[in-house]
Amino acid sequence: MRLRRLSPVPALPVRSLKPALIAGGMLALVAGWSPAQAAPAVDDAGAKALAASLKKDLPRWFPPPTEDGEGIGFEWQGEPTVKPAGDHYDVALPRLSAEDAEGTLFDIGTVLLSVTPKDDGQYGVAITLPSTMKVQNLDDNDEYVDAAVISIGKQSLTSTWSGTLETLLAVDGAYNDIAISAADGKGKISVASMTMVQELKPEAGAGGATLWSGPAAFSFSNLSVKDDKNKELVKIGGVTTEATYTRVDLTKVSALQKLSEQTAARGVPPTPAELLPKMQGMFGGVTGAMRMSNLSFVNPEDGTTVALGQFAFRSGLTDLDQALSTVSMGIEARDFTMTPSPAPVAFTPRAFEMKLSVAKLPNSALWKAFTELAKTAEAEEPQPKKGAKAKAAPPPAPSSEVVMQQAMAAMAEAGTELRIDALNLDTPATAGTANGALKVATQAAFGVTGGATVLLRGIDAAVKAMQPAPGAKPDKETQDLLGGLAMIQALGQAGKDENGADTRTYKIDVTEAGQLLLNGADMTPLLAGGAEPAPAPAPAEQPKKKK
């Protein structure tokens, strides 16, 4: 039978059904059980209090289905049981199931907790998920039928939860032999191992605030996806994601969570104007990285295969609690192959790297701009229909154009720069690098000035090697490629690198007057569809050496 639609309950943002996130919600259930103090004794009275807290908070953290059927709705069958067991409580939560908007039912089962009271309102929490969980879909008769089974071989998750801050401070989890198998045995997703760790530690902050910093990581290995014929379509050797949090004000995080709960209770989400001031100064920075190795993919329709030896993505926000901050991102990939190849093998990238950053961002000015833009957007919202209860008119806000002008002026004063820190491309035939920066300048025609330098190696040799033999005519693919390479070759300035190999240099400049220069030649008319670009100024004649 399909899950019944219960009356809606104010809900927090919906959580996905990943074991780690289910675990995170379970930890939050003990948040209001006891105030910060020395670890209380484990006894029957404490068990009764914990059971009452769980019964009250389960629907809050895992809300039932809504009337409109959006998101994921949870249903608990029965009540939690809590028993003292030495220095901890053994907890069995009610049987849990969840349904998504498409009618897929996840029969999760009974989740077990071990809760150990600690000093300062903290708790050690160990979580055990059911070893098997069913996934069911609706059939033509609107009845649930088995679609898949989720199984977990070995599992272990221990953690430290702060009831005072309502935050997970530490976690150490490991899951092995995870599989999602089709009920009819046709198709399977498997993961050999999955781990997660986190450790936040306090450090002194300004004004007596307690800030928290530390690393977190999540990884899995040997992912395999097989189709209904038991043919492997996707294989990934390993994926690791890492993050480092710097100077996080967990008191502000808790306040933001409470704001979310209060607005949800009113049936409306918090407005940007409410959120942004509370988010300012919430953390000093966060850096993250994701690395993947040994990816292979087969398209079952045409047999196309793709392989990638290594892929990495990095991003960062630093010094958000200082006067100036930096935003950065980077991508690296190597050992790429595709069969059949969409491009000549000689020009298929085998290694690629890109690192970009925006430096010297004026934090106070930008936070002010974001807040003003939020107010402007709120003021432009359509008015309620006649007869509906009207909202109080928001105070007048500056136009978005004025706000953006103020933000650009602040960035120009701070010297904000968009930087190409690295751009490298390597193919069997050619290689290229680029670096440069654009600086915000309000007086400039494009609002920025600066430029970049691109250096290509191997273009001349590649063009020469691709020339057809005397009397022979190249095929259309080769002819088109030669035409494109010839144009790139002509636009570059010829030179030699330190090893004597031929190079082509492309120096690109954006001037204050609005010109786009390539090796000194004005390319603006050409880009606008006008005349040919002006020739580059001739290099100064070098004086002849005396004999």
Side-chain angles (χ1 to χ4, degrees), residues 12 15 18-62 74 76 79-94 96 108 110-130 155-175 195-203 210-216 218 245 248-258 260-261:
L12 296 176
R15 294 167 172 77
K18 295 179 180 178
L21 296 183
I22 292 179
M26 300 302 177
L27 297 176
L29 296 174
V30 301
W33 175 36
S34 174
Q37 57 183 1
V42 176
D43 53 24
D44 290 336
K48 186 176 180 179
L50 177 55
S53 178
L54 291 171
K55 182 179 179 180
K56 175 176 67 71
D57 289 335
L58 283 172
R60 182 168 68 93
W61 286 95
F62 299 90
F74 298 86
W76 300 93
E79 296 187 359
T81 61
V82 181
K83 296 180 180 180
D87 64 345
H88 67 278
Y89 295 97
D90 287 333
V91 180
L93 297 180
L96 174 63
I108 298 170
T110 300
V111 178
L112 304 178
L113 309 180
S114 173
V115 180
T116 304
K118 296 184 177 182
D119 295 341
D120 300 325
Q122 295 183 8
Y123 306 89
V125 181
I127 300 174
T128 303
L129 299 174
Q155 61 174 300
S156 171
L157 192 147
T158 58
S159 57
T160 300
W161 174 262
S162 171
T164 305
L165 297 171
E166 298 190 4
T167 303
L168 184 64
L169 300 178
V171 64
D172 186 357
Y175 297 85
T195 62
M196 59 199 75
V197 293
Q198 176 175 296
E199 186 175 10
L200 298 180
K201 293 185 177 181
E203 58 180 85
T210 300
L211 306 179
W212 298 76
S213 302
F218 170 83
Y245 303 98
V248 181
D249 189 337
L250 294 180
T251 302
K252 290 188 176 182
V253 174
S254 181
L256 193 65
Q257 175 66 33
K258 290 178 180 177
S260 177
E261 292 179 21

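If you read the sequence from its start, that first residue is 1, and numbering goes on from there. Just so you know, these numbers come straight off a predicted model, no measurement behind them.
- Nearest heavy atom pair, residue Pro117 against residue Asp87, reads CD-O, 3.8 Å.
- Without hydrogens or angle criteria, Thr160 side chain to Gly124 main chain gives no donor-acceptor distance under 3.5 Å.
- Rounding to the nearest 0.5 Å places NZ of Lys118 at 7.0 Å from OG1 of Thr116.
- Annotation: the span from Asp249 atom CG to Leu211 atom CG amounts to 5.5 Å, rounded to 0.5 Å.
- Annotation: side chain of Val91 is not in contact with side chain of Leu112 (no heavy-atom distance under 4.5 Å).
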Checking side-chain contact (heavy atoms from CB on, under 4.5 Å) for the pair Leu157/Asp172: CA distance, chi angles, key distance, verdict?
-> CA-CA 6 Å; Leu157 192 147; Asp172 186 357; over 6 Å; no
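- At a threshold of 4.5 Å between non-hydrogen side-chain atoms, the residues Asp44 and Pro84 count as touching.
- Here the OG1 atom belonging to Thr110 is positioned 9.0 Å from the CG atom belonging to Leu96, to the nearest 0.5 angstrom.
- Looking only at distances, no side-chain donor or acceptor of Asp120 sits under 3.5 Å from a matching main-chain atom of Gln122.
- Remark: Ser156 pairs with no residue by the side chain to side chain contact (heavy atoms under 4.5 Å, CB included) rule, at least two apart or across chains.
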Before giving the answer on side-chain contact (heavy atoms from CB on, under 4.5 Å), spell out for Val111 and Ile127 the whole-Å C-alpha distance, their side-chain angles and the decisive distance to 0.1 Å.
-> CA-CA 7 Å; Val111 178; Ile127 300 174; 3.9 Å; yes
Run the numbers on Phe218 and Val197 for side-chain contact (heavy atoms from CB on, under 4.5 Å), then give the verdict.
-> CA-CA 7 Å; Phe218 170 83; Val197 293; over 6 Å; no
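- The side chain to side chain donor-acceptor pair (under 3.5 Å) test applied to Asp90 returns His88, not counting sequence neighbours.
- Residues meeting the side chain to side chain donor-acceptor pair (under 3.5 Å) test with Lys55, sequence neighbours left out: Glu79.
- In terms of the side chain to side chain contact (heavy atoms under 4.5 Å, CB included) criterion, residue partners of Thr81 (sequence neighbours excluded) are, by chain and number, Ala92.
- Using a 4.5 Å heavy-atom threshold, the side chains of Ser159 and Leu168 count as touching.
- One distance of note links CG of Leu58 with CH2 of Trp76; it measures 4.5 Å at 0.5 Å rounding.
- Remark: Ser213 engages Glu203 in a side chain to side chain donor-acceptor pair (under 3.5 Å) (not counting sequence neighbours).
- For Thr195, the side chain to side chain donor-acceptor pair (under 3.5 Å) test picks out Ser219, with sequence neighbours left out.
- Under the rule for a side chain to side chain contact (heavy atoms under 4.5 Å, CB included), the partners of Leu200 that lie at least two apart in sequence or sit in another chain are Gln198, Trp212, Tyr245.
- Considering all non-hydrogen atoms of both residues, Val42 and Gly86 come closest at CB-O, 3.5 Å.
- Here the straight-line distance linking atom CG of Leu169 with atom NZ of Lys201 works out to 12.0 Å at 0.5 Å rounding.
- Residue Thr128 holds its OG1 atom at 8.5 Å from CG of Leu113, rounded to the nearest 0.5 Å.
- In terms of the salt bridge (charged side-chain N to carboxylate O under 4.0 Å, His left out) criterion, Lys48 has no residue partners (sequence neighbours excluded).
- Here the shortest heavy-atom pairing between Tyr89 and Asp43 reads OH-N, 3.2 Å.
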